[in-house]
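Working notes for the structure below.
Lettering follows sequence order; numbering is per chain, from 1.
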Protein chains: 2
Amino acid sequence: MQARLLPRKMRFAGRINGRDAPVSMSPDTRSRGVRMPRPARRAQLLEAAQEVFVESGYHSAVMDDIADRAGVSKPVLYQHFPGKLDLYLALFDQHAGELLDLIRAALASTTENKQRVAASIGAYFEFVGRDGAPFRLVFESDLINETAIRQRVDKMSQDSAEAIAEVIKEDTDLPDAEAHLLGMALSGMAQICARFWLVQGSSIPRDEAARLVATLSWRGLGGFPKIEREGSGSEPG
Amino acid sequence: MQARLLPRKMRFAGRINGRDAPVSMSPDTRSRGVRMPRPARRAQLLEAAQEVFVESGYHSAVMDDIADRAGVSKPVLYQHFPGKLDLYLALFDQHAGELLDLIRAALASTTENKQRVAASIGAYFEFVGRDGAPFRLVFESDLINETAIRQRVDKMSQDSAEAIAEVIKEDTDLPDAEAHLLGMALSGMAQICARFWLVQGSSIPRDEAARLVATLSWRGLGGFPKIEREGSGSEPG
DNA sequence: TTTGCACGCCGATCTTGACCTCCACGGGAA
DNA sequence: TTCCCGTGGAGGTCAAGATCGGCGTGCAAA
């Protein structure tokens, strides 16, 4: 994260036209933040909050740090968000919505089912690779025991699994429950692989990693080229 | 959670030979818990802690509640564990070890690779289905942003994915990085499916759900019986 | 030009929950 | 009888969410 070179008061009070200039202060001339229209300020606060929540998680994030990051005082946070949880939920909803949009777009991108599954997997990889790491709020939340978050995560998982289950049902004669389980399998697998790919330093290019996972999804392990080995006991694909 | 019928002091002070009996107390005859050998007490504390951590998560669990659940005072907790985090880590390590043992046993149960993969998936389902829901500590920890937990989860994921990657490398000519990605895919998928199966009320019997996921792993979506449909565009398996 | 108001802002502080510790008690075994 | 070990009532400490009370700028109206 970017190091702050001045204490906030000094840094900010003296910031005129974008240039740092330390300024002395008397008690009756409080340091003043730059005034912004309400919507612009709210957007800025959300950005700062995302940085802190992504770095620290909900529980270790403190409102003081978020205010510092935004360059405002704490009361300004409470002018825009009733509390810490509300701030977090606003971010969560924004990013969960983005992921579902990506998945829906992927499913709508073709009528060829194999490609629809591959595109859905690609959607997870794209989401996880985004700047600002919003996936950390959606897939790795440390607030999962809070009912509001739990419900949202469950709904998001159900929605994405259901979307994939529709594809599975188009192609197979599997009953609803089984198709849903497989839909959950694929969306879960995509999520976990995308996160693993990111953490591993992207030694496999993203598109290739997504394609590999798509191949696994469609053809299974049996669909990969075999090495003939004595004693391995593998059946032919 | 089970309702307590008496205040803790009254409930416990008067519990003689397993029977509740409210007992008056004077200041110089403090209520006394049942004295236990140190290892037995430690095990009891861990059991109580597991109940509370599973129900509430780390952050919402309070040491008072854990002590209450164990029927002791708080100093007793600190006699056995340096702090709250240590208590949690002891439980985490116990259960993560159990899961890895299950996976290793599954992989050792046969030399037939397809069965080894299926058995590994079954190991996840068995672990998730266990009484006391230890999977909640291992797969759904709200302490994932704590370094000690993050490292343990990462190591456990790496270990299980690596074990499956060994099987994949035996069977295919995939390079290490690709095999590892697929190993992560399968172990992640197994974990998510097992948890989904549990939450869904087990409408599919456990063994059948595990078998379905194993089939997906080995044969992919393409390996399921097809419905012939106009316009679906699906390729034959 | 002056005044009043709306809006965005902040330093200081309150409140409270919860981790952890102090200090002393009592029973059982040697 | 003494000592050790397991035990508990009470409370200290402090971090952090949230709020109080007031400031200052810019714009519009008189």
Side-chain angles (χ1 to χ4, degrees), chain A residues 7-16 23 25-45 49 52-53 56-68 70-89 143 146, chain B residues 7-16 23 25-45 48-49 52-53 56-68 70-88 143 146:
Chain A
R8 185 174 68 82
K9 286 190 279 192
M10 294 296 285
R11 169 179 58 95
F12 198 80
R15 200 175 184 86
I16 307 292
V23 168
M25 290 179 292
S26 59
D28 59 346
T29 58
R30 292 190 190 190
S31 52
R32 268 303 141 181
V34 162
R35 189 187 175 99
M36 293 176 76
R38 197 177 173 82
R41 178 65 83 193
R42 185 176 190 275
Q44 183 209 8
L45 295 175
V52 176
F53 284 137
S56 308
Y58 178 87
H59 290 285
S60 298
V62 294
M63 295 295 266
D64 270 303
D65 287 348
I66 296 172
D68 284 349
V72 299
S73 63
K74 274 200 307 193
V76 172
L77 284 174
Y78 290 93
Q79 283 187 328
H80 293 265
F81 302 94
K84 186 181 180 186
L85 177 60
D86 306 88
L87 181 52
Y88 189 87
L89 287 177
L143 201 53
E146 158 64 41
Chain B
R8 184 173 69 80
K9 289 189 280 193
M10 294 295 284
R11 169 178 57 97
F12 198 80
R15 197 173 186 88
I16 307 294
V23 167
M25 289 180 292
S26 60
D28 59 347
T29 58
R30 292 192 191 185
S31 54
R32 272 296 145 181
V34 163
R35 190 186 174 99
M36 293 175 76
R38 197 175 172 84
R41 177 66 82 195
R42 184 176 190 277
Q44 182 208 11
L45 296 175
V52 176
F53 283 138
S56 310
Y58 178 86
H59 290 283
S60 298
V62 293
M63 296 295 267
D64 269 306
D65 288 348
I66 295 173
D68 283 349
V72 298
S73 65
K74 278 194 310 189
V76 173
L77 283 174
Y78 290 95
Q79 283 188 329
H80 293 265
F81 302 94
K84 186 182 180 185
L85 178 61
D86 306 88
L87 181 51
Y88 190 87
L143 201 52
E146 156 66 40

Checking side chain to side chain contact (heavy atoms under 4.5 Å, CB included) for the pair A:Leu143/A:Leu85: CA distance, chi angles, key distance, verdict?
CA-CA 9 Å; A:Leu143 201 53; A:Leu85 177 60; 3.5 Å; yes
Indicate the atoms forming the closest heavy-atom contact of B:Ala61 with B:Ser56, along with that distance.
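Minimum heavy-atom separation between B:Ala61 and B:Ser56: N-CB, 4.0 Å.
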Nearest heavy atoms of A:Arg41 and A:Val34, plus distance in Å
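Looking at all heavy atoms of both residues, the shortest contact is NH2-O, 2.6 Å.
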I need the [atom1]-[atom2] distance between [X] and [N], as an integer number of Å.
{"X": "B:Asp68", "N": "D:dG9", "atom1": "CG", "atom2": "C1'", "answer": "13 Å"}
{"X": "B:Leu87", "N": "C:dA18", "atom1": "CG", "atom2": "P", "answer": "16 Å"}
{"X": "B:Arg42", "N": "D:dG6", "atom1": "CZ", "atom2": "P", "answer": "13 Å"}

Go through the structure and list residues passing ring pair (Phe, Tyr, Trp, His ring centres under 6.0 Å) with A:Tyr78, not counting sequence neighbours.
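In terms of ring pair (Phe, Tyr, Trp, His ring centres under 6.0 Å), with neighbours along the sequence ignored, A:Tyr78 is linked to no residue.
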With the criterion being N/O to N/O and under 3.5 Å, what pairs connect the protein with nucleotides 14-18 of chain D, and how long is each?
| unit_1 | atom_1 | unit_2 | atom_2 | d |
| --- | --- | --- | --- | --- |
| D:dG17 | OP1 | A:Ala61 | O | 3.3 |
| D:dG17 | OP1 | A:Lys84 | NZ | 2.9 |
| D:dG17 | OP2 | A:Met63 | N | 2.8 |
| D:dA18 | OP2 | A:Tyr78 | OH | 3.3 |
| D:dA18 | OP2 | A:Lys84 | N | 3.0 |
| D:dA18 | N6 | A:Lys74 | NZ | 2.7 |

Heavy-atom side-chain contact between A:Leu45 and A:Ile66 under 4.5 Å
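No, too far: nothing below the 4.5 Å cut-off.
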For B:Pro39, side chain to side chain contact (heavy atoms under 4.5 Å, CB included) partners two or more places apart
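Partners of B:Pro39 by the side chain to side chain contact (heavy atoms under 4.5 Å, CB included) criterion, ordered by chain and then number, come out as B:Pro37.
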Could you work out, with side chain to side chain donor-acceptor pair (under 3.5 Å) as the rule, every residue matching B:Glu146, not counting sequence neighbours?
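For B:Glu146, no residue satisfies side chain to side chain donor-acceptor pair (under 3.5 Å) once neighbours in sequence are set aside.
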Under 3.5 Å between N/O atoms: give me all the protein pairs with nucleotides 5-8 of chain C, atom names plus distance.
| unit_1 | atom_1 | unit_2 | atom_2 | d |
| --- | --- | --- | --- | --- |
| C:dC7 | O2 | A:Arg35 | NH1 | 3.1 |
| C:dC7 | O2 | A:Arg35 | NH2 | 3.1 |
| C:dG8 | O4' | A:Arg35 | NH1 | 3.4 |
| C:dG8 | N2 | A:Arg32 | NH1 | 2.9 |

Quick test of your reading: applying salt bridge (Lys or Arg N to Asp or Glu O under 4.0 Å), list the pairs with at least one residue in residues 77-87 of chain B, sequence neighbours left out, ordered by first then second residue.
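Listed once each, the pairs would be none.
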